[in-house]
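Following: one structure in structure tokens, then a few remarks.
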Amino acid sequence: MPVPDFIAALRARIGTAELWLPGVTAVVVRPGNGPGAAVREVLLVRRSDNGAWTPVTGICDPGEEPAVTARREALEETGVEIVVDRLALVRTTGLVVYPNGDRNRYLDHTFACRWVAGDAYVADDESSEVGWFALDALPPMTDEMRERIDAGASDETATRFVR
């Protein structure tokens with residue numbers, strides 16, 4: 001995955017030291033369209049770096065509002081236009097260590113989003129596959145990603161905060 005220019009510039013100064021970065025997860029949901037169409041579907045991507053299925057995720061650009069990041073990332077990664085309805089979950093990730101030694105922690109803002117338009121496809125090199133999955137038939141993924149999907153696909157109105 002390409003490293004954003006602003007992070008590359010930081011890394012040139014601090015090496016692999018831990019960075020604290022604002023991130024987003026866009027849990028994009030649409031009504032199902034197959035048999036049992038009452039079951040809603042969620043948009044997932046298979047990451048090209050580790051093969052994991054996840055909702056759309058990304059890093060906020062400097063000065064970018066997190067909800068704007070969610071819309072941008074969904075369009076850049078999947079070609080899908082979305083509406084961000086609410087902030088569903090706020091939590092920090094554990095330490096992420098990349099193969100090159102870079103270390104990051106993310107303050108993740110998980111948003112409940114609705115599909116508006118567009119056929120999902122692999123729109124950049126960050127994903128190897130893109131697809132819609134029934135909420136009751138998700139592929140294997142981490143508990144952390146399932147937690148994000150659960151929060152984003154819920155009918156709750158309040159934001160969940162990990163305490």
Side-chain angles (χ1 to χ4, degrees), residues 1-29 41-82 84 86-113 115 118 120-133 135 137-154 159-163:
M1 286 186 213
V3 175
D5 292 340
F6 77 95
I7 293 178
L10 284 170
R11 289 287 178 208
R13 294 176 186 232
I14 67 166
T16 61
E18 185 177 322
L19 285 177
W20 173 249
L21 297 169
V24 302
T25 300
V27 178
V28 181
V29 176
E41 297 175 321
V42 64
L43 179 64
L44 299 178
V45 299
R46 184 186 288 268
R47 294 174 55 106
S48 59
D49 62 347
N50 63 14
W53 283 103
T54 71
V56 173
T57 61
I59 300 169
C60 297
D61 288 339
E64 186 177 42
E65 295 291 338
V68 172
T69 303
R71 288 182 60 229
R72 174 180 57 77
E73 290 286 350
L75 187 60
E76 287 178 0
E77 292 184 18
T78 70
V80 168
E81 294 179 41
I82 66 169
V84 176
R86 68 180 174 85
L87 179 61
L89 173 69
V90 176
R91 70 166 306 136
T92 60
T93 67
L95 182 64
V96 178
V97 180
Y98 293 93
N100 68 356
D102 289 352
R103 298 177 303 151
N104 296 342
R105 286 186 198 266
Y106 299 92
L107 174 60
D108 180 69
H109 304 80
T110 296
F111 290 99
C113 306
W115 170 85
Y121 64 94
V122 176
D124 65 16
D125 63 354
E126 293 184 37
S127 305
S128 60
E129 293 179 68
V130 172
W132 292 98
F133 292 83
L135 285 167
L138 299 175
M141 65 181 62
T142 66
D143 289 343
E144 183 178 343
M145 290 302 167
R146 285 189 180 277
E147 176 187 36
R148 294 180 195 186
I149 291 170
D150 181 59
S154 77
T159 303
R160 295 182 189 179
F161 297 96
V162 176
R163 301 185 196 316

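Along the sequence shown, residues carry numbers from 1.
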Side chain to side chain, Val3 and Arg11, heavy atoms closer than 4.5 Å: no
Contacts of Asp124 that satisfy side chain to side chain donor-acceptor pair (under 3.5 Å) - sequence neighbours left out: none
Under a 4.5 Å cut-off applied to non-hydrogen side-chain atoms, are Pro55 and Ile149 in contact? yes
Euclidean distance, Arg46 CZ relative to Met141 CE, rounded to 0.5 Å: 10.0 Å
Any donor-acceptor pair under 3.5 Å linking the side chain of Thr110 with the backbone of Arg148? no
Not counting sequence neighbours, which residues clear salt bridge (charged side-chain N to carboxylate O under 4.0 Å, His left out) with Arg105? List them please. Glu18
Around atom CG of Asn100, are there more than 12 heavy atoms from other residues, nucleotides or ligands closer than 6.0 Å? yes
Taking all non-hydrogen atoms of both residues, which atom of Glu77 and which atom of Ser127 are closest, and how far apart? OE1-OG, 4.4 Å
Looking only at non-hydrogen atoms, find the nearest pair between Gly118 and Val80 and report the distance. O-CG2, 4.1 Å
In short, Val29 meets Trp132 closest at the heavy-atom pair C-CZ3, 4.4 Å
Between Asp125 and Ser48 the two heavy atoms that sit nearest each other are O-OG, 2.7 Å
For Tyr121, give me all partners under side chain to side chain donor-acceptor pair (under 3.5 Å), at least two apart in sequence or on another chain. none
Listed partners of Asp5 passing side chain to side chain donor-acceptor pair (under 3.5 Å), at least two apart: none
Using modelled atom types and a 3.5 Å cut-off, is there a donor and acceptor pairing between side-chain atoms of His109 and backbone atoms of Leu89? no
With Glu64 via side chain to side chain donor-acceptor pair (under 3.5 Å) - residues at least two apart: Thr69, Arg72
Spatial distance of atom CD1 (Ile59) from atom CG (Leu19) [nearest 0.5 Å]: 9.0 Å
Could you go through Leu44 and Leu138, starting from their C-alpha distance and side-chain angles, then the distance that decides it, and tell me whether this counts as side chain to side chain contact (heavy atoms under 4.5 Å, CB included)? CA-CA 9 Å; Leu44 299 178; Leu138 299 175; 4.2 Å; yes
As an exercise, state the distance from CG of Leu87 to CZ of Phe161, rounded to the nearest 0.5 Å. 6.5 Å
Heavy-atom distance under 4.5 Å between the side chains of Leu21 and Ile7, does that happen here? yes
Measure across Ala112 and Ala88 and return the closest heavy-atom pair with its distance rounded to 0.1 Å. N-CB, 4.2 Å
In Å and rounded to the nearest 0.5 Å, what is the CH2 to CZ distance from Trp53 to Phe133? 4.0 Å
Can you tell me how far apart CZ (Arg91) and OG1 (Thr25) are? Round to the nearest 0.5 Å. 10.5 Å
Can you sort out the partners of Asp150 under side chain to side chain contact (heavy atoms under 4.5 Å, CB included), two or more places apart, ordered by chain and number? Arg160
Of the non-hydrogen atoms in Phe111 and Ala70, which two are nearest, and what is the gap between them? CD1-CB, 4.0 Å
